[in-house]
Amino acid sequence: METRNKRHILLRYALVIVGVLLFSIAIVKKAADTCIIHADKWNEKAAQMLSVTHEVMPERGDILAQNGEVMATNMTYYRALIDFGVPKFKAREFNDSVKILSQMLAKYFPNKTAAAYEKGMRSAFLRKKRYYVLVREVTGHDYELLKTFPFLRYSTPYSGFYIDPNREKIIKREKPYGTMASRAIGGLDETFHGNSGLEKALDSLLYGIPGRTIKKQIPSGIVDWVSDPPQRGLDVKTTIDIDIQDITEQALLQTIEETQPEFAVAIVMEVATGEIKAMSNLSRLPGGEYLETVNNAVQGYEPGSVVKPLSMMIALDDGVVRPNDVINGHNGVFRYPAGARVRPITDTHGRASMTAIEAMKYSSNIGLSEIILRGYERDPDRFVQRIYEVGFMEPFDLGIPGTARPTIRHLKATVQDRINLTRMSYGYTTKIPPIYTLALYNTIANDGKFVKPRLVKELLRNGKPEKVFDISYIREHACKPETARALRQMLYAVVNDDDGTGRLARSKKVTIAGKTGTVRTIGADGKYESRYRITFCGFFPYEKPQYSCIVLLGKPDLPGMPSAGRYCGGVLKKIAETLYSMGRLDVPMAMPSDSTQTFAPSIMKGDIAETRQVLQRLGVRGDVSDCYNIETYCDSMPDMSGMGARDALYLLEQAGLNVSIQGRGRVYEQSIPRGAALQPGTTVILKLK
């Protein structure tokens with residue numbers, strides 16, 4: 001029996017040994033096949049794996065306002081996670097803290113209620129979920145804040161709380177000022193390249209230089225190794241002035257509420273430099289709200305009478321007319337050519353005659369037609385050539401994709417083109433972008449120097465200038481200085497004479513000069529509609545022009561022929577008067593004086609420390625009893641009346657509120673009453689005037 005068992009055991013051992021030998025032979029054979037026979041094949045495959053490279057996206061440069069404030073930048077967000085399956089998870093501490101933790105999460109990250117936070121965490125805890133998303137998008141600062149919350153203050157091995165900066169990183173392009181100058185700034189596509197505005201025009205500079213990773217073998221395996229680090233894109237400093245942009249948008253929005261146009265445009269330019277200080281483009285969406293969607297500031301439209309100064313400038317410069325020359329007014333109806341069956345040129349208020357100055361002041365179509373025919377009837381194309389000569393057709397290279405150039409066709413010495421010449425003289429049969437019209441008025445304000453409009457001031461690398469865009473000129477002398485002076489006097493009369501078409505834009509604080517323009521729009525059938533496009537373009541202050549501005553409203557919802565002076569001129573007037581009240585204009589401010597009393601300024605509610613410092617510097621006393629310590633946290637709604645927008649915004653955002661500001665000046669109304677309990681995440685509306 002023992003012999004038989006022994007024999008069976010030996011047989012089993014023999015089978016095991018044979019199996020091990022066969023397996024060993026197979027291993028040796030496979031190793032020989034891999035390392036010797038087919039070594040080249042496997043070496044090539046390994047080389048292919050190690051040669052795989054990946055592009056590393058660089059950090060995109062910022063777009064800045066003229067003072068360095070950020071208007072577009074990259075923001076990195078992470079997912080805040082909890083691993084409920086970590087071995088040392090503090091279950092008891094979690095249960096004790098989950099309610100207060102949920103309340104704090106709802107306060108600082110109010111996309112969910114406290115109840116929703118608690119329910120989600122308790123459910124994930126019971127299931128020992130390894131990858132629970134606590135908050136979807138947090139910044140590095142938010143993560144540090146979260147680590148101070150109850151339970152989350154424990155280290156990761158005990159709380160399971162962490163962020164994975166490599167796996168869960170989310171990069172977004174943010175605009176801290178929201179829609180402000182949004183069309184000029186532009187946007188990005190899904191590949192993080194610019195698809196509109198400056199983002200597109202300067203994409204190669206903003207995007208940077210991509211890096212490269214290679215596969216590298218280390219003892220633990222093959223990893224991605226950064227061989228060429230990415231290079232951050234350049235920062236672009238624009239000419240946009242945040243204050244002027246805000247003033248312009250607020251003034252435009254107020255007029256939009258009353259007129260309800262299809263779109264609205266407002267541009268402010270600095271006369272001496274051509275720097276665009278503000279550019280607002282608002283279009284009406286189907287729901288009735290207005291957003292920056294299409295950059296109408298650089299699209300071509302029939303300008304109407306607002307382009308008459310170009311015709312007058314050429315005629316004055318060529319000696320065709322002088323300011324006080326008398327022009328035939330044809331009593332308001334001018335048939336040209338005589339006897340032809342064409343629609344006559346008409347004026348709203350007919351006159352037998354007028355001077356050249358009056359032709360501009362009254363916006364006379366007949367007056368401008370007579371002047372231009374006087375000089376160019378025999379050779380109509382000479383007038384068009386002169387438009388080219390003054391530089392009006394030159395490209396501006398603003399850095400805004402899709403910027404149109406004026407469309408002014410050449411003319412022949414035919415009857416029809418002579419008729420077209422008359423229409424061209426007062427702004428029909430042409431297409432001119434608003435930015436070109438503004439540049440023309442800027443030239444008049446600048447003594448005939450046709451400065452090139454610019455939106456980009458300089459390029460920065462690591463905070464230091466790499467390229468500066470200096471002032472440049474389309475023409476250093478687009479017209480004679482005396483011609484520019486004569487035109488300024490005409491545009492002054494348009495606004496400041498009681499019978500001028502732009503008199504509704506007159507201001508008691510700032511002297512404004514400018515011109516109205518009203519033109520019928522063209523429908524889909526190519527015929528003129530009963531709707532209008534109205535414009536006002538001008539400059540201020542008249543005595544020493546500092547800023548030029550154009551405002552255009554497309555198809556305002558108003559009865560009859562809307563007043564360009566009232567609505568468009570009204571926007572320019574608001575901008576000019578606000579800049580005046582801020583001390584931004586080079587004109588003396590009228591201040592009442594009393595030699596018998598010491599002037600004590602009225603104090604706007606704000607930061608008490610800064611207010612005291614200002615009063616000390618000025619050497620005056622003031623009542624600071626209504627001021628706040630801005631750094632103090634509010635547990636109930638304070639009385640915001642009389643406070644400025646910036647201090648109010650800072651104080652309320654410190655308390656976790658969302659703030660919507662309407663108007664400019666001081667707070668006079670707040671949607672949450674004084675003393676009410678604060679609920680972080682709630683929106684409070686502040687109305688200013």
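Heads up: numbering here begins at 1 and tracks the sequence.
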Less than 4.0 Å between a side-chain N and a carboxylate O, is that true for [Y] and [X]?
| X | Y | answer |
| --- | --- | --- |
| Asp241 | Arg584 | yes |
| Arg284 | Glu289 | no |
| Lys128 | Asp83 | no |

(request) Given salt bridge (Lys or Arg N to Asp or Glu O under 4.0 Å), test Lys508 with Glu577 step by step and report yes or no. (result) CA-CA 9 Å; Lys508 294 180 180 179; Glu577 290 185 341; over 6 Å; no

(message) Please list all pairs meeting ring-ring contact (aromatic ring centres under 6.0 Å, His included) that have one or both residues in residues 156-183, counting only residues at least two apart or in different chains.
(response)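 Every pair satisfying ring-ring contact (aromatic ring centres under 6.0 Å, His included) with a residue in residues 156-183: Tyr143-Phe161.
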
(request) Return each pair, listed once, that meets ring-ring contact (aromatic ring centres under 6.0 Å, His included) where at least one residue sits in residues 278-299; pairs must be two or more places apart or across chains. (result)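 Sorted result for residues 278-299: empty, none.
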
(request) Would you please name every residue forming a side-chain hydrogen bond (donor to acceptor under 3.5 Å, both in side chains) with Thr191, sequence neighbours left out? (result)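 Partners of Thr191 under the side-chain hydrogen bond (donor to acceptor under 3.5 Å, both in side chains) test: Asp189.
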
(message) My understanding is that only residues two or more places apart in sequence, or in another chain, count here; which of them pass side-chain hydrogen bond (donor to acceptor under 3.5 Å, both in side chains) with Asn195?
(response)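 In terms of side-chain hydrogen bond (donor to acceptor under 3.5 Å, both in side chains), with neighbours along the sequence ignored, Asn195 is linked to no residue.
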
(message) Arg153: which residues meet the side-chain contact (heavy atoms from CB on, under 4.5 Å) condition with it, sequence neighbours left out?
(response)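 Arg153 satisfies side-chain contact (heavy atoms from CB on, under 4.5 Å) with Pro150 once adjacent residues are dropped.
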
(message) According to side-chain contact (heavy atoms from CB on, under 4.5 Å), who are the partners of Val138, at least two apart in sequence or on a separate chain?
(response)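 Per chain and number, Val138 pairs via side-chain contact (heavy atoms from CB on, under 4.5 Å) with Tyr78, Ala80, Phe109, Val135, Asp142, Leu146.
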
(request) Examine Lys112 relative to Tyr117 and say whether NZ or CZ is less than 6.0 Å from the centre of the six-membered ring and inside a 45° cone about the ring axis. (result)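 Yes, Lys112 lies over the aromatic ring of Tyr117.
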
(message) Centre-to-centre under 6.0 Å for Phe89 and Phe125, is that the case here?
(response)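 Yes, the ring of Phe89 comes within the 6.0 Å limit of the ring of Phe125, centre to centre.
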
(message) Name the residue from Asn74, Thr73, Asp203 that meets the side chain to side chain donor-acceptor pair (under 3.5 Å) definition with Arg60.
(response)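 The option that passes is Asp203.
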
